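One structure below.
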Amino acid sequence: MSAVRLLLLSLLCALFVSLCHGACSEVDSDTEAVAGKGFKLGCISCKMRPEVEASATVDWYFKAKGEADYAHIYNYNEEGPHIVDERFEDRVDWNGSKRSQDIQDASIYVFNVTFNDSGTYRCFFHRLLTYEFYEYQTVVSKLVHLKVVAKATRGTASIVSEVMMYVSIIGLQAWLYIEMVYCFRKISAAGEEAIRESAKAKEGMQNI
């Protein structure tokens with residue numbers, strides 16, 4: 001019985017460790033950029049089940065203010081980044097997940113923002129989830145309505161939102177750490193109990 005409990009606790013702790021390393025929080029992108037400055041277009045899509053293996057590619061589209069259709073401007077896949085629209089040539093850099101095909105952060109960074117960059121941006125995650133006996137394809141999209149201004153007018157609400165984002169992430173990490181420590185202590189206690197029971201069993205056998 002002790003061995004079974006020890007195994008279950010080990011698996012539980014392994015799950016908490018994986019969650020701690022793969023913690024993901026979906027945060028909306030800022031929506032106001034300053035002309036002549038750089039700007040990060042945020043796009044995050046967290047997996048519902050972090051333990052499932054996955055790979056993803058990303059596409060960004062842009063609809064300028066006053067236009068009716070979206071234009072494909074950027075693609076990121078296993079081969080790397082590709083700027084599709086010449087309007088963004090040499091002005092866009094990948095700012096998302098690195099060294100992993102399991103992309104959950106598809107943010108990009110736009111250099112030297114102009115007023116012509118105002119409009120609606122849409123990013124698409126094409127994610128392939130790999131289970132033991134099958135694969136499942138999902139598509140997730142996010143919208144960013146960008147306004148380019150001559151001078152920053154960042155409001156209090158934006159600042160509070162960013163502060164709360166970092167507080168929630170730190171709180172999540174702290175909770176996971178506490179749970180992980182608790183798990184390891186339970187494993188240690190269960191291990192000691194198993195050793196005592198084993199010693200008692202051996203002692204009993206010797207007395208027979």
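Since the structure is predicted, the reported quantities are computational estimates derived from the model, not experimental observations.
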Original post:
Other hydrophobic cluster members with Phe111, side-chain heavy atoms of Ile/Leu/Val/Met/Phe/Trp/Tyr under 4.5 Å, chained?
Top reply: Tyr109
Original post:
About how many Å separate CD of Glu135 and CD of Glu53, when rounded to the nearest 0.5 Å?
Top reply: 10.5 Å
Original post:
Of all heavy-atom pairs between Ala106 and Trp60, which one has the smallest distance, and what is that distance?
Top reply: O-NE1, 3.0 Å
Subject >> Cluster check Val148, Val110: I/L/V/M/F/W/Y, side chain < 4.5 angstrom >> reply: yes
Subject >> Check: Thr120/His145 side-chain N/O donor and acceptor closer than 3.5 Å >> reply: yes
Subject >> Side-chain donor-acceptor pair present, Asn95, Asp93, cut-off under 3.5 Å >> reply: no
Original post:
Considering all heavy atoms of both residues, which atom of Val140 and which atom of Ser45 are nearest to each other, and what is their separation?
Top reply: CG1-OG, 3.7 Å
Original post:
Should Phe125 and Trp94 be counted in the same cluster of Ile, Leu, Val, Met, Phe, Trp and Tyr side chains packed under 4.5 Å apart?
Top reply: yes
Original post:
Between the side chain of Glu26 and the main-chain N/O of Cys46, is any donor-acceptor distance below 3.5 Å?
Top reply: yes
Original post:
What are the two closest heavy atoms between Tyr131 and Val52, and how far apart are they?
Top reply: CE2-CG2, 3.8 Å
**OP:** Can you measure from CZ (Arg122) to OG (Ser141) and round to the nearest 0.5 angstrom?
**Re:** 4.0 Å
Original post:
Is there side-chain contact between Val34 and Lys151, with at least one heavy-atom pair below 4.5 Å?
Top reply: no
Subject >> Cluster check Phe115, Tyr121: I/L/V/M/F/W/Y, side chain < 4.5 angstrom >> reply: yes
Just distance, no hydrogens or angles: give the donor-acceptor pairs under 3.5 Å from side chains in residues 80-87, sequence neighbours left out.
{"residue": "His82", "atom": "NE2", "partner": "Gly80", "partner atom": "O", "Å": "3.4"}
{"residue": "Asp85", "atom": "OD1", "partner": "Arg87", "partner atom": "N", "Å": "2.8"}
{"residue": "Asp85", "atom": "OD1", "partner": "Arg87", "partner atom": "NE", "Å": "3.1"}
{"residue": "Asp85", "atom": "OD2", "partner": "Arg87", "partner atom": "NE", "Å": "3.2"}
{"residue": "Asp85", "atom": "OD2", "partner": "Arg87", "partner atom": "NH2", "Å": "2.7"}

Original post:
Who passes ring-ring contact (aromatic ring centres under 6.0 Å, His included) against Phe88, sequence neighbours left out?
Top reply: Phe62
Original post:
For Ala54 and Arg127, which heavy atoms make the closest approach, and how far apart are they?
Top reply: CB-CG, 4.2 Å
Original post:
side-chain contact (heavy atoms from CB on, under 4.5 Å) with Glu78: which residues, sequence neighbours excluded?
Top reply: Thr57, Gln101
**OP:** Please collect all disulfide bond (SG atoms under 2.5 Å apart) contacts where either partner lies in residues 74-135, sequence neighbours excluded, each pair once.
**Re:** Cys43-Cys123
Original post:
Which disulfide bond (SG atoms under 2.5 Å apart) pairs, counting each pair once, include a residue from residues 69-112, with sequence neighbours left out?
Top reply: none
**OP:** Flag yes if Tyr61 and Leu143 sit in one hydrophobic cluster, no otherwise; membership is Ile, Leu, Val, Met, Phe, Trp, Tyr, and two members link when side-chain heavy atoms are under 4.5 Å apart.
**Re:** yes
Original post:
If you round to the nearest 0.5 Å, how far is CG of Leu128 from OG of Ser55?
Top reply: 4.5 Å
Original post:
Between Ile108 and Tyr74, which heavy-atom pair has the shortest distance, and what is it?
Top reply: CG2-CE2, 3.8 Å
**OP:** Looking only at non-hydrogen atoms, find the nearest pair between Asp102 and Lys47 and report the distance.
**Re:** OD2-NZ, 2.8 Å
Original post:
Is there a donor-acceptor pair under 3.5 Å between the side chain of Asn75 and the backbone N or O of Val58?
Top reply: yes
Subject >> Cationic N near anionic O, under 4.0 Å, Lys98 to Asp105 >> reply: no
Subject >> OG on Ser107 to CD1 on Ile44, rounded to 0.5 Å >> reply: 5.0 Å
Original post:
In terms of hydrophobic clustering (I, L, V, M, F, W, Y; side-chain heavy atoms under 4.5 Å; direct or indirect links), are Phe124 and Ile73 co-clustered?
Top reply: no
**OP:** Please say whether more than 12 non-hydrogen atoms of neighbouring residues, nucleotides or ligands are located less than 6.0 Å from CG in Asp28.
**Re:** no
**OP:** Please examine the side chains of His72 and Asp59, heavy atoms only from C-beta on, and report whether any two atoms are closer than 4.5 Å.
**Re:** yes
**OP:** May I ask you to decide if Ile103's main-chain N or O and Ser97's side chain share a donor-acceptor pair within less than 3.5 Å?
**Re:** no
